[in-house]
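Encoded as C-alpha cells, the structure appears first; notes follow it.
Bear in mind that the values here come from a model prediction, so they are computed numbers and not experimental data. All ligand and atom numbering here is 1-based and tracks the order in the structure.
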Amino acid sequence: MQRIILHIDLDSFYASLEELRHEDIRGKPVVICVFSGRSEDSGTVSTANYKARELGIKSGMPISLAKRLAKDKDVAFLQNDIEYYRTVSDRIMEIIEEEADIFQQVSIDEAYLDVTKKSMDKWDNAKKIAEKIKKKIKEQEGLTCSVGIGPNKLVAKMASKHQKPNGLTIIKDAEVKEFFENLPVSKIHGIGEKTTKILDELGIKTAKELASSDIKILEKKFGKNKSKLLLDKSQGIDDSPVEQKDRQQISRLGTLKEDTDNIEVIFEKIKELATDMKKKIEKVSFRTVSIITIDTALKTQTRSETVQVTNNLDSVLPITKSLLENFLKENSEKKLRRVGIRVSNLVYKKEQKTIGDF
Ligand code: TTP
Ligand code: MG
C-alpha cells in the first residue's frame with residue numbers, strides 16, 4: 001500500500017536554542033561545544049549555526065580547529081547544555097506526535113511520522129500537516145525545522161535534507177526516480193565513506209550507476225544482504241516501517257516572573273506546570289520525578305527521585321518541593337530564572353500505545 005511519511009529535523013538545533021535565550025549572540029555565528037576541560041580549547045563542536053557553517057565550522061570538528069576558522073571574526077563559542085536541549089526537545093516531540101498515525105523519534109531533534117491515514121492518502125493533506133507542525137513549533141518554541149515528505153523513510157529523510165533551513169520538500173513516488181538518479185552515492189542516506197570509496201573503486205559514482213550495476217560484482221564486495229540494500233537505496237526503495245516508540249519522559253518548563261531564590265514562589269510555578277502536565281499523563285504512570293532548574297547564568301541542572309509507580313502527580317509534589325529545597329540550600333548564591341518538572345521511566349497501560357492518543 002502507498003504510504004505517506006514525514007521526516008522532521010530541527011534546524012541547527014542546539015545553536016538555535018542558545019540564540020533564543022542569549023540576546024547578545026543573536027545574528028552572530030554561534031558554535032556549541034563540549035569542552036573536555038583538558039586544555040582551554042580541547043573538545044569537540046556539537047553543532048554550529050548556519051552563519052558559522054559559512055566559515056567552515058561543523059559538528060564533530062575539534063574546537064581548536066573551529067577557533068582557527070573563526071580567527072578575527074566575532075563568533076560566539078558556548079558550552080553545550082544538554083539537559084536544557086532535552087527538555088525543549090520533549091515539548092517539541094509532543095507537538096509532532098499529536099499529528100502522526102505512527103510516531104518514531106530517532107534523535108534529540110529528529111522524528112519520522114507515518115501520516116498515511118491522517119492525510120487520507122493525499123500529498124496535499126500531508127503538506128498541510130507539515131505546515132501545521134512547522135507553525136506550531138515556530139509559535140510555541142520559536143524554532144524552525146525542515147520537513148521532508150515521501151513514500152518511505154529513506155525518501156522523506158533525503159527530502160528534509162534537500163532544503164535546509166526552514167524547508168518543506170515533497171518527493172512523490174513518481175518523482176523518486178528522477179530525484180535519486182543524479183545523486184552522487186555519498187549523498188544517499190546510510191551510504192558512508194567506506195562504502196562510497198569501495199563503490200568508487202568499482203567505477204560507481206552516482207545512484208543511477210549503482211542502480212544499473214551488476215549485483216554479482218557488488219555481492220563479491222559487500223555480500224548478499226548489503227548489496228540488495230544498496231540497490232534498493234540507489235532507487236529510493238525502503239520498506240522499513242515507522243516504528244512507534246513510546247516516549248520515556250514528559251516535561252514542562254516555565255519562566256519565573258522575576259529571578260528568585262524564594263522557595264514558595266518557585267514551588268508555585270512548579271505546581272502550575274504540574275497542572276498543565278496532568279492532562280498528558282492521565283493514562284501513563286511514572287517511576288521518577290525530577291525538577292529542572294535554570295539559573296540566571298542559564299546553567300541547567302536537574303534533581304531526581306525514584307518513587308513508587310504512580311500516575312498521581314499531586315502525590316509527588318511534596319517530593320519536588322524537597323528536591324527544590326535541597327537544591328536551593330546547595331546553591332545558596334544562585335537565583336533561578338526558569339524552572340521545570342519532569343516525569344520519566346514511564347509505564348504505559350497495555351491498550352495505551354501513545355500519549356498522543358488522548
Ligand atoms: P543535527 O540535526 O545533525 O544538526 P543540527 O540540528 O545542529 O543542524 P541541521 O540544521 O543540519 O539539522 O543534530 C541535532 C543536534 O545534535 C545538534 O544541534 C547538536 C547535536 N549533535 C552533536 O552533539 N554532535 C554531532 O556530531 C551531531 C551531528 C549533532
Ligand atoms: Mg537538526
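By the 3.5 Å distance cut-off applied to N or O atoms, F13 is counted among the residues near ligand 1. Residue contacts with ligand 1: N80 is placed with no nitrogen or oxygen under 3.5 Å of a nitrogen or oxygen of the ligand (distance criterion only). Of the N or O atoms in S59, none lie within a sub-3.5 Å distance of an N or O in ligand 1. Considering backbone and side-chain N/O of L10, one or more are found under 3.5 Å from N/O of ligand 1.
Atoms of ligand 1 lying under 4.0 Å from at least one heavy atom of R53, given by number and element, are 5 (P), 7 (O), 8 (O), 9 (P), 10 (O), 11 (O). Counting the atoms of ligand 1 from 1 in the order shown, those under 4.0 Å from a heavy atom of D11 are 10 (O). Per-residue contacts place D9 under 4.0 angstrom from the following atoms of ligand 1 (heavy atoms of the residue considered): 2 (O), 12 (O). Near Y50, meaning under 4.0 Å from any of its heavy atoms, are these atoms of ligand 1: 9 (P), 10 (O), 11 (O).
In this structure, I129 is a member of the same hydrophobic cluster as I96, with clusters built from ILVMFWY side-chain heavy atoms closer than 4.5 Å. Taking hydrophobic clusters as Ile, Leu, Val, Met, Phe, Trp and Tyr residues chained together by side-chain heavy-atom distances below 4.5 Å, I57 does not share a cluster with V30. Hydrophobic clustering keeps I237 apart from Y112 (ILVMFWY residues linked when any side-chain heavy atoms are closer than 4.5 Å, directly or through intermediates). No continuous path of ILVMFWY side-chain contacts below 4.5 Å connects W123 to F179, so the two sit in separate hydrophobic clusters. F286 and L273 end up in the same hydrophobic cluster when Ile, Leu, Val, Met, Phe, Trp and Tyr side chains are linked at under 4.5 Å.
Heavy atoms of K164 found under 4.0 angstrom from ligand 1 belong exclusively to the side chain. Contact annotation: for E18 versus ligand 1, there are no heavy atoms closer than 4.0 Å.
With rounding to the nearest 0.5 angstrom, the CD1 atom of I92 is 13.0 Å from the NZ atom of K136.
Salt bridge K135/E99: absent, no basic N to carboxylate O contact under 4.0 Å.
For CD of E330, the number of neighbouring non-hydrogen atoms (other residues, nucleotides, ligands) closer than 6.0 Å is greater than 12.
A side-chain contact (heavy atoms from CB on, under 4.5 Å) with L10 holds for exactly one of L17, L143, T144; it is L143.
Summarising the geometry of E305 relative to L323, their closest heavy-atom pair is OE1-CD2, 4.0 Å, with the distance given to 0.1 Å. When all heavy atoms of D259 and K335 are compared, the pair lying nearest together is O-CD, 4.0 Å.
Inside a sphere of radius 2.8 Å centred on the Mg ion (ligand 2), the protein N/O/S atoms present are D9 OD1, L10 O, D109 OD2.
Both tests do not hold together for R338 against Y84: distance to the six-membered ring centre under 6.0 Å, angle to the ring axis within 45°.
Nearest to atom 13 (O) of ligand 1 among the protein's heavy atoms is D109 OD1, 3.9 Å.
Around atom 21 (N) of ligand 1, the closest heavy atom drawn from A48, S107, S46, G60 belongs to S46.
The presence of a protein heavy atom under 4.0 Å from atom 23 (O) of ligand 1 is confirmed.
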